[in-house]
Structures are given as C-alpha cells and as structure tokens.
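Following: one structure in structure tokens, then a few remarks.
Source: prediction; values computed, not measured. Every chain is numbered from 1, with letters handed out A, B, ... down the list of sequences.
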Amino acid sequence: MADARAVGETLAPGDEAEGNVAIAGRLMARRGQGGTVFADLGDRSGQIQVWATLDRLGDAGLSLLADTHLGDIVGVRGTVVRTRRGEISVAADAVEMLAKALRPPPDRHAGLRDPETRYRQRYLDLMASEDVRAQFVTRAHAITGIRRFLDERGFIEVETPALQPIYGGAAARPFITRHNALDRDLYLRVATELYLKRCIVGGLEKVYELGKDFRNEGVSFKHNPEFTMLETYEAYADYEDVAGMLEQMVSRAAVEATGGMIVPWKGGQIDLTPPWRRVGLIAALREASGIDVMEHRDAADLQARMRAVGLDAPDGAPWSKLVDGILSQALEPSLVEPTILMDYPLELSPFAKRREDDPGLVERFEAFCGGMEIANAFSELNDPDDQRERFAMLQADRAAGDDEAQPADEDFLTALEHGMPPTGGLGLGIDRLTMLLTDRHSIREVILFPAMRT
RNA sequence: GGGCCGUUAGCUCAGUUGGUCAGAGCAGGGGACUUUUAAUCCCAAGGUCCUGGGUUCGAAUCCCAGACGGCCCA
C-alpha cells in the first residue's frame with residue numbers, strides 16, 4: 001500500500017501509472033455512487049483509496065465491493081491512478097473478500113473513547129487510532145534500542161527462571177503457583193536479580209535479561225501486576241559506571257524511539273541529555289521534607305518526625321519502609337528532570353555493597369524522571385557473609401510483619417561463596433520508560449493488555 | 001483500602017424541577033446516483049436506560065446496596 005502511494009505521488013490528476021499493483025487492507029470507508037464505488041483501505045502504513053467502476057470491474061466485482069461492510073479485509077488488484085480531485089487511488093480490475101467482519105468497527109470519527117473497551121478490546125483501540133498504533137511501535141523501538149546498545153557493549157542476553165522455588169531480589173509480595181508433578185508451590189519471579197548474579201559468578205561477565213516480573217500488588221497509574229523489567233549486571237563495574245551507562249542507554253532508547261533526547265512531558269518537556277543531575281539521597285530527603293533520616297534511626301522516632309511534618313507514616317512499618325515513604329511522598333513527585341539519587345541507607349538495600357567511608361550507606365542509586373522512579377542500581381554486594389547478615393535483617397522485618405520482606409536464599413548464598421567479582425547491576429522499568437518517552441501518564445497506556453478485573 | 005465521577009442503540013453522545021424522555025449522528029438494512037473525500041438524497045429498523053431493591057399516582061432522572069470502569073489519595 002505504501003508502494004502504491006509512492007507510485008501515485010508521481011502522477012498528475014487524471015493520470016494512470018504503468019503496471020499493476022495488489023493491495024490489501026481493512027475497509028475504512030466506502031462511498032457509493034451508482035456505477036462507481038470509492039473505498040478507503042487501511043493498513044499499518046496508512047490508507048489508500050480504491051476507485052471501482054462498473055465499466056472496469058464488471059457487475060460481479062462491483063457488487064462484491066458494494067456489499068462490503070466497514071471492517072472487512074479486502075484485496076484489490078489494479079493500477080495506480082490519481083483522480084480528477086487529486087486523490088491517489090487504485091483503479092480496481094479485481095477485488096476479493098479476504099475476511100468478513102461480522103461486528104462493526106469503532107466509530108470512524110468519534111473513535112473509541114471508553115477506557116474500559118480500549119483496554120479490554122485493545123484490538124479495537126489499535127484499529128481506531130493511529131496514535132495508539134504509533135504508541136506501541138515507539139515502545140518496540142525503545143526496546144530495540146536498548147537491546148542494540150547492550151549488545152554493542154558486549155552484554156549477552158540470558159533467560160532465567162520465571163517459576164522459582166524461592167523468590168527474591170525485590171521487596172514485593174509474590175504470586176504463588178502450583179507445580180503438580182513436583183507436588184510443590186512455586187513463585188512467579190518478582191525480579192531476575194539473584195539468578196543473573198549466579199551468571200556473573202559463573203563468568204558470563206556482562207549479562208542482561210529483558211522480561212516480565214510479577215508482583216502481587218494493586219494496580220495504579222504506575223503499577224501493573226506483571227510488568228517488563230530490564231536487569232543488567234557487569235563484572236568489574238561499580239554503580240558510578242552503571243550510572244553513566246544508564247544515561248547513555250536511556251538517551252539511545254529516546255533517540256531510537258522518538259528521534260531526539262528532548263521529550264514532551266505533561267505540557268512541558270524533559271531533556272534526557274547526559275549527564276543527569278546527581279544528588280545524595282540523604283541530603284535530598286532533608287531538603288524535601290526537613291527530616292535528616294540518619295538522625296532518626298529508630299522507627300518510632302522517625303514515624304513521629306514524619307507525622308510532625310504532615311507525612312503519612314503507617315504503624316509498625318520498619319525504618320526502611322518509613323524512609324521509602326518520605327522519598328515517595330515528599331521527593332519523588334518533584335523529580336521531573338532526570339535525577340540520580342545516590343547512596344542509600346543500608347536498611348533499604350539488602351543486595352548493595354557498603355560504602356567504604358560510611359558502612360551505614362551503600363553504593364546504590366535510583367534514577368527518577370517525570371516524577372517516577374525509572375531505574376535502580378548498585379554496586380552489588382559480593383561478600384557472602386555480609387549477604388547472609390542482610391537476609392537475617394530481612395527475616396527480622398518479616399517477623400515484625402513486613403510481608404514484602406523476602407526470604408533468605410541459601411542457594412544464592414552458596415553461589416556467592418564461590419566468589420562473585422565486583423559487579424555493577426541495574427534494573428530499568430521498561431513500562432515507565434515507555435511512559436516517559438511517549439508522554440503517557442498511565443501504565444495502562446503502554447501495556448497492550450493491562451490487568452483488568454474479570 | 002478511602003474519596004469523587006461515570007455506566008442510555010453496534011460506536012460517540014443528548015435527555016432541563018420526577019410528568020409524549022426512549023432521542024441524535026455515525027454504523028448496519030432497502031432504494032436512487034459512473035471522479036467521491038465524514039459523498040448526497042429517500043425509506044424502514046434498531047433499547048434489560050449496568051444490576052437488584054426502595055420512595056412515588058408516575059423513575060433513565062430521587063434514595064440504598066452491588067458490579068464494572070476512570071481520576072485522585074493511601
């Protein structure tokens with residue numbers, strides 16, 4: 001169809017091109033006029049008009065076209081012409097019904113607006129809206145850009161289990177499923193982290209996995225129970241190296257997806273050009289909330305301070321959750337321009353290496369953009385004894401009622417005991433990145449079939 | 001989990017204080033028309049007003065409960 005339009009571009013009104021073309025697509029509109037039928041066919045590249053006359057197509061062919069319904073998939077053979085009114089068209093010599101539509105397409109002019117129908121019957125949304133189609137093409141290009149970037153830097157893409165006997169790598173509740181033959185429960189992964197680090201132990205050195213994680217949580221404008229995550233691990237790198245790589249990778253994705261590094265966002269714009277602003281987490285929290293979390297190391301104490309400044313602070317939450325609460329309530333929404341928050345308290349980061357100059361902090365950063373967290377990275381903890389202690393801290397949180405605290409993974413500890421080189425790791429939320437690159441403000445707009453109540 | 005809003009024809013939507021309120025456009029059906037562009041014209045058809053209760057002489061409209069969805073908050 002695109003080829004036929006290209007041929008037509010060379011024609012003057014009333015002219016006919018040499019040679020035959022064959023096109024096929026969905027019937028978008030039809031205008032009858034007795035012995036003449038005009039039909040607009042659409043495909044992924046756009047639309048083209050079909051011009052059919054009784055003289056040229058014959059009685060049977062014209063009847064077939066006159067009996068079509070909007071939404072039918074139709075094939076046409078003919079020549080490319082430009083009509084008197086200047087419309088590039090295919091003058092039909094033969095028409096063929098390729099697939100009949102028994103249900104009507106969405107309204108041609110009003111489009112499909114009901115969000116529920118748009119998400120539940122996304123095919124109608126795609127059918128009705130070129131913007132929506134473009135949206136998912138952009139997503140695909142961003143992902144392709146990320147894969148190319150990583151492949152060019154010597155990373156290899158690996159696949160690790162989605163069904164896991166024990167889950168870990170993120171603070172989240174898992175989905176539980178059943179393996180009948182093994183007669184045991186398995187978990188859908190909440191992260192790929194612990195398996196990818198096993199790959200690093202084994203010497204693959206630079207690995208990434210781009211796939212689905214599953215977290216048993218509610219839905220919101222930025223949460224879907226299954227979502228797409230990129231994780232990368234690079235031996236002999238640290239979190240500073242990873243921060244530089246992330247900036248380059250996101251810029252690359254932006255260029256491949258949108259053609260530039262400045263993207264529109266909520267009426268303004270965001271410049272993704274590296275380097276991004278970097279600021280210490282503790283200082284940023286202090287500036288945003290007036291609270292220096294390192295001076296309130298007791299959960300009850302911090303909770304009181306938070307409530308004193310008007311922040312929500314749930315009862316019984318561990319200290320780490322409270323700090324995260326300050327971050328998400330007081331700081332995150334204001335981080336619109338790309339910002340990297342560096343150096344997190346150890347309690348929030350069970351898999352990150354301690355800073356040598358301050359063992360209460362770890363070499364971790366999170367990247368924020370558009371008021372959302374888009375990436376999380378650290379110098380990976382590769383000391384098995386320290387890792388064992390971190391798991392013990394999580395068990396204490398769990399015993400205290402934090403049901404997002406993950407269980408200890410002895411098999412992972414065994415892997416670390418075989419020696420893991422110093423490694424820089426990264427997690428990048430692909431859905432949120434796509435939101436950012438396409439100026440969409442709900443994760444449902446960037447997932448083809450978002451989770452819906454049934 | 002909380003607050004607010006929404007649900008009327010296949011699609012997009014009107015429907016006033018409770019009283020010709022079951023409506024429009026498009027789509028779909030029948031007909032006219034051989035260069036149209038949301039073609040035009042004529043004709044006919046199309047409904048569990050989300051569901052279930054309640055108030056009332058009378059409910060799409062008011063009240064209660066529920067389902068589903070959206071936005072905001074947690």
Side-chain angles (χ1 to χ4, degrees), chain A residues 8 11-16 26-42 46-59 61-63 65-72 78-92 100-125 127-129 173 216-224 266 303 306-307 310-317 321-322 324-330 332-333 371 403-404 440-445 450-454:
Chain A
L11 300 175
D15 282 359
E16 179 167 352
R26 192 178 291 278
L27 184 68
M28 310 301 287
R30 180 162 53 76
R31 299 170 289 281
Q33 198 163 12
T36 301
V37 171
F38 294 94
D40 296 336
L41 291 191
Q47 293 192 14
I48 193 166
Q49 176 172 269
V50 173
W51 174 35
T53 61
L54 184 60
D55 301 341
R56 186 156 179 161
L57 193 53
D59 199 35
L62 195 72
S63 303
L65 199 57
D67 287 342
T68 53
H69 289 165
L70 295 192
D72 290 348
T79 56
V80 179
V81 301
R82 198 189 271 273
T83 64
R84 280 181 214 160
R85 298 285 178 94
E87 183 78 15
I88 295 168
S89 307
V90 173
K100 191 78 191 136
L102 300 181
R103 296 173 188 263
D107 185 90
R108 179 158 44 117
H109 316 297
L112 183 59
R113 294 198 194 142
D114 175 32
E116 184 169 359
T117 310
R118 289 188 51 227
Y119 301 147
R120 286 190 194 274
Q121 295 179 273
R122 181 72 89 180
Y123 48 91
L124 296 178
D125 194 27
M127 204 184 285
S129 169
R173 288 192 297 260
N216 208 334
E217 57 195 14
V219 300
S220 80
F221 75 95
K222 59 181 178 180
H223 294 96
N224 196 65
K266 292 187 174 175
Q303 182 192 54
M306 288 173 67
R307 289 181 177 172
L311 295 175
D312 188 71
D315 286 318
K321 285 269 173 194
L322 293 173
D324 191 56
I326 299 174
L327 172 58
S328 59
Q329 291 174 64
E332 183 172 11
D403 58 2
E404 291 188 349
R440 305 292 157 135
H441 312 131
S442 165
I443 198 167
R444 293 189 185 92
E445 294 294 336
M452 302 287 280
R453 209 177 287 231
T454 49

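- Rounding to whole angstrom units, NE2 of residue A:H441 and C1' of B:G70 are separated by 16 Å.
- Toward the 5′ end of RNA chain B lies the nearest nucleotide of A:E116, the other residue of the pair A:E116 and A:S442 mapping further downstream.
- Using a cutoff of 4.0 Å between basic side-chain nitrogens and carboxylate oxygens, A:D312 and A:K321 are not scored as salt-bridged.
- Within 3.5 Å, a donor on the side chain of A:T83 pairs with an acceptor on the base of B:U36, or the reverse.
- At whole-Å resolution of the value, CG in A:N224 and P in B:G70 are 11 Å apart.
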| message | Apply side-chain contact (heavy atoms from CB on, under 4.5 Å) to residues A:T79 and A:R56 and explain how you reach the verdict. | response | CA-CA 11 Å; A:T79 56; A:R56 186 156 179 161; 2.7 Å; yes
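- Nucleotide B:C4 forms a pair with B:G70, judged by Watson-Crick or G-U wobble geometry with both contacts under 3.5 Å.
- Picking from B:A27, B:A39, B:G28 the nucleotide with the shortest atom distance to the side chain of A:P104 gives B:A27.
- For the atom pair CG of A:D125 and OG1 of A:T117, the computed distance is 9.5 Å after rounding to the nearest 0.5 Å.
- Of the residues listed (A:V90, A:D40, A:L41), the one engaging A:Q49 in a side chain to side chain contact (heavy atoms under 4.5 Å, CB included) is A:D40, and it is the only one.
- For the pair A:L70 CG and B:G29 P, the computed distance is 9 Å after rounding to whole Å.
- Atom-to-atom, CD of A:Q121 to C1' of B:G69 comes out at 14 Å; the value is rounded to the nearest Å.
- Nearest to the side-chain atoms of A:D107 among the listed nucleotides B:A74, B:U37, B:G25 stands B:G25.
- Summarising the base pairing, B:A60 is matched to no nucleotide, lacking a Watson-Crick or G-U wobble pair whose two defining distances lie under 3.5 Å.
- A:L112 comes within 4.0 angstrom of sugar-phosphate atoms only, judged by non-hydrogen atoms across all strands, and of no base.
- Atom-to-atom, CZ of A:R82 to C1' of B:U37 comes out at 14 Å; the value is rounded to the nearest Å.
- Remark: A:D72 CG to A:L102 CG distance equals 8.5 Å, nearest 0.5 Å.
- For A:T53, the side-chain atoms get nearest to B:U34 when compared with the rest of B:A39, B:U34, B:A27.
- Taking every side-chain heavy atom of A:Q49 into account, B:U36 is the closest of B:G69, B:U36, B:U12.
- Counting any heavy atom pair closer than 4.0 Å across all strands shown, A:R84 reaches a base atom.
- Taking atom CD of A:Q329 as the reference point, atom C1' of B:A74 lies 8 Å away to the nearest angstrom.
- Judged by atom type and distance alone, A:Q33 does not reach the base of B:U40 through any side-chain donor-acceptor pair under 3.5 Å.
- Across all strands shown, B:A24 forms a Watson-Crick or G-U wobble pair, both distances under 3.5 Å, with B:U12.
- Nucleotide B:A65 has B:U51 as its partner under the Watson-Crick or G-U criteria, with both atom distances under 3.5 Å.
- For A:R103 and B:A9, the CZ to P distance is 15 Å, given to the nearest whole Å.
- Between B:U34, B:A27, B:C68, one nucleotide has an atom nearer to the side chain of A:R120 than all others, and that is B:C68.
- In this structure, A:R84 and A:P13 have side chains that are not in contact, with every pair of non-hydrogen atoms separated by 4.5 Å or more.
- Interatomic distance, CG of A:D67 versus CZ of A:R30, reported as 7.5 Å (0.5 Å rounding).
- Contact annotation for A:R444: backbone-only contact, meaning every heavy-atom pair under 4.0 Å involves sugar-phosphate atoms and none involves a base.
- When each of A:G86 and A:D114 is assigned the nucleotide of RNA chain B bearing its nearest heavy atom, the one mapping closer to the 5' terminus is A:D114.
- As judged by a 4.0 angstrom heavy-atom cut-off over every strand, A:D40 is placed among residues making no nucleic acid contact.
- Residue A:F38 places its side chain closer to B:U36 than to any other of B:A74, B:U36, B:C71.
- For the pair A:I88 CD1 and B:U35 P, the interatomic distance rounds to 20 Å; values are reported in whole Å.
- For B:U37, neither phosphate oxygen OP1 nor OP2 lies less than 4.0 angstrom from any side-chain nitrogen or oxygen of A:R31.
- Note on A:G71: nothing from the nucleic acid sits closer than 4.0 angstrom, heavy atoms only.
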